[in-house]
Amino acid sequence: QVQLVESGGGLVQPGGSLRLSCAASGSIVAIDVMSWYRQPPAKERELVATMTGGGSTNYADSAKGRFTISRDNARKSVYLQMNSLKPEDTAVYYCHAAKILSPAGYYGATYWGKGILVTVSS
């Protein structure tokens with residue numbers, strides 16, 4: 001199976017920066033789509049950014065110009081550089097992987113990390 005583990009969250013002041021990391025492990029040959037989602041308090045989970053193995057990216061409007069998603073395909077990792085953070089960025093951030101190739105073929109499921117808390121507050 002596949003495991004995703006996030007790291008890098010914490011408390012940061014408004015205007016500050018954080019870099020989230022997510023490492024995938026398990027029986028994996030390649031991962032096509034890796035994404036970051038977030039769930040603010042008392043709100044629905046929402047997409048923040050997506051990156052394909054080929055390098056195509058997609059960002060939520062709230063993330064454009066402030067957040068940058070990147071990947072290290074060899075390490076099966078995805079990162080989210082978050083700059084100019086605002087209190088409304090406070091959320092649990094989740095790593096997500098889809099279209100995962102194993103030695104036996106593609107997994108039928110997508111996978112989520114357990115999430116990591118980012119708090120933006122003075």
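Quick note: residue numbers are just sequence positions, from 1.
Here the shortest heavy-atom pairing between Ser21 and Trp36 reads O-CH2, 3.6 Å. Residue Leu47 comes nearest to Ser35 through the heavy atom pair CD1-CB, 4.1 Å, listed as atom of the first residue, atom of the second, then distance. Here the closest non-hydrogen pair linking Ala98 and Thr110 is CB-CG2, 3.7 Å. Heavy-atom minimum distance, Ser27 versus Tyr107: O-OH, 2.8 Å. Across all non-hydrogen atoms, the minimal contact from Cys95 to Leu4 is O-CD1, 3.7 Å. In terms of heavy-atom proximity, Glu6 sits nearest to Tyr93 at OE2-O, 3.9 Å.
Judged by distance alone, the side chain of Tyr111 and the main-chain N or O of Gln1 form no donor-acceptor pair under 3.5 Å. Checked by atom type and distance alone, the side chain of Thr57 never pairs as donor or acceptor with a backbone atom of Met51 at under 3.5 Å.
The line from CG of Leu11 to CG of Leu117 is 9.0 Å long, rounded to the nearest 0.5 Å.
Note on Tyr94: it does not cluster hydrophobically with Leu18, by side-chain heavy-atom contacts below 4.5 Å among ILVMFWY residues. Under the 4.5 Å side-chain heavy-atom criterion for grouping Ile, Leu, Val, Met, Phe, Trp and Tyr, Leu101 is not connected to Ile31 through any hydrophobic cluster. Note: the hydrophobic cluster containing Val118 also contains Ile69 (ILVMFWY, side chain heavy atoms under 4.5 Å, direct or indirect links). In the hydrophobic cluster analysis, where Ile, Leu, Val, Met, Phe, Trp and Tyr join through side-chain heavy atoms closer than 4.5 angstrom, Leu85 is grouped together with Ile116.
Side-chain contact between Asp89 and Met82 is absent, with no heavy atoms from C-beta onward closer than 4.5 Å. A 4.5 Å side-chain heavy-atom check between Thr68 and Tyr59 finds at least one atom pair inside the cut-off. By the 4.5 Å heavy-atom criterion applied to side chains, Tyr37 and Thr50 are not counted as neighbours. Residues Pro40 and Glu46 meet the side-chain proximity criterion, which asks for heavy atoms closer than 4.5 Å. Between Val12 and Ser17, the closest side-chain pair of non-hydrogen atoms is not below 4.5 Å.
Using cut-offs of 30° and 60° on the angle between ring planes, the pair His96 and Trp112 is tilted.
Among Val33, Ile28, Val29, the one residue that satisfies the side-chain contact (heavy atoms from CB on, under 4.5 Å) test with Ile100 is Ile28.
Judged by distance alone, the side chains of Asp32 and Thr52 never bring a donor and an acceptor atom under 3.5 Å apart.
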